[in-house]
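Side chains included, hydrogens not; waters and symmetry mates left out as well; all remaining heavy atoms used.
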Amino acid sequence: ARMAKIAQAFTLIALIISAILALILALVFVDAIRNKLLFIAGMTVIRMALVFLGLIVVISLVTAFLGLLGINDAFSDDIPSCQMGYCRRFRDTVDDDLGVQTFTDQTGTSVTRFVTRSVSWGPDAGWYIVLACIPLAVFLALLLIVNKFPIPVDSVGTGEAL
């Protein structure tokens with residue numbers, strides 16, 4: 001359970017910082033806001049903050065992915081007596097036999113059936129989403145490192161930064 005909470009926490013960190021980063025990048029396209037930010041904080045500080053946020057997103061996603069990979073071992077360590085199900089496999093579906101049960105319908109007729117229950121576990125979509133977001137986050141971080149962003153105030157009208 002600890003590893004699941006770790007993966008959840010780092011995924012939330014990456015999601016929140018990605019939203020903050022997207023908001024900052026969107027706001028910087030507005031001239032008035034960009035100019036005020038550049039005069040208040042300076043271009044170097046803003047660039048370093050954007051690169052730092054991008055790297056935090058990458059690190060959080062990698063940590064969440066590795067946490068998801070360690071879930072089985074964590075369950076095995078937490079519950080030593082568990083020999084089946086989520087303790088031994090990352091993702092699976094098992095059919096449990098509930099036995100023979102007799103049902104009575106509305107007309108009073110008794111029907112006897114063999115009942116099974118299908119139990120699934122594992123981070124179906126979440127694992128794949130975190131895995132798919134890692135290359136996107138690396139690409140974003142590389143863009144933030146390589147590009148001279150935000151555009152300086154004096155080069156907006158000249159087309160220099162284009």
Side-chain angles (χ1 to χ4, degrees), residues 1-95 118-162:
R2 291 176 296 195
M3 294 303 272
K5 292 293 183 186
I6 287 173
Q8 182 182 17
F10 279 102
T11 303
L12 282 175
I13 289 170
L15 180 65
I16 291 168
I17 292 177
S18 294
I20 292 169
L21 191 58
L23 179 68
I24 291 171
L25 291 174
L27 288 177
V28 170
F29 282 110
V30 179
D31 284 341
I33 296 173
R34 181 185 64 240
N35 294 345
K36 286 180 184 176
L37 282 174
L38 288 174
F39 288 125
I40 291 171
M43 191 177 311
T44 304
V45 172
I46 292 174
R47 283 185 185 156
M48 289 300 153
L50 292 174
V51 168
F52 177 73
L53 289 175
L55 292 176
I56 293 295
V57 169
V58 172
I59 291 168
S60 296
L61 287 171
V62 169
T63 305
F65 177 73
L66 294 176
L68 286 171
L69 290 179
I71 285 178
N72 288 15
D73 293 335
F75 281 135
S76 297
D77 291 345
D78 288 346
I79 311 167
S81 62
C82 186
Q83 297 297 322
M84 56 189 250
Y86 60 86
C87 299
R88 302 293 170 223
R89 302 192 94 180
F90 182 66
R91 179 185 179 279
D92 204 359
T93 301
V94 173
D95 292 329
S118 181
V119 178
S120 298
W121 67 88
D124 289 333
W127 187 77
Y128 295 109
I129 289 172
V130 170
L131 182 61
C133 286
I134 291 173
L136 294 173
V138 169
F139 180 69
L140 171 67
L142 287 175
L143 281 178
L144 291 172
I145 291 169
V146 171
N147 286 332
K148 300 298 182 196
F149 192 80
I151 300 170
V153 176
D154 57 352
S155 66
V156 173
T158 64
E160 174 188 329
L162 299 175

Novice: Does the pair Leu21 and Leu140 meet the rule for a side chain to side chain contact (heavy atoms under 4.5 Å, CB included), with working shown?
Specialist: CA-CA 10 Å; Leu21 191 58; Leu140 171 67; 3.5 Å; yes

Novice: Sequence neighbours excluded and cut-off under 3.5 Å, please list the side-chain donor-acceptor pairs for residues 49-68, or say none.
Specialist:
residue: Ser60; atom: OG; partner: Ile56; partner atom: O; Å: 2.9
residue: Thr63; atom: OG1; partner: Ile59; partner atom: O; Å: 2.8

Novice: Nearest 0.5 Å please: distance from the CG atom of Asn35 over to the CD1 atom of Ile40.
Specialist: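 The CG atom of Asn35 sits 11.0 Å away from the CD1 atom of Ile40.
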
Novice: By ring pair (Phe, Tyr, Trp, His ring centres under 6.0 Å), which residues pair with Phe10, not counting sequence neighbours?
Specialist: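 Per chain and number, Phe10 pairs via ring pair (Phe, Tyr, Trp, His ring centres under 6.0 Å) with no residue.
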
Novice: Rounded to the nearest 0.5 Å, how far does CD1 of Ile134 lie from CD1 of Ile129?
Specialist: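 Atom-to-atom, Ile129:CD1 and Ile134:CD1 are 12.5 Å apart.
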
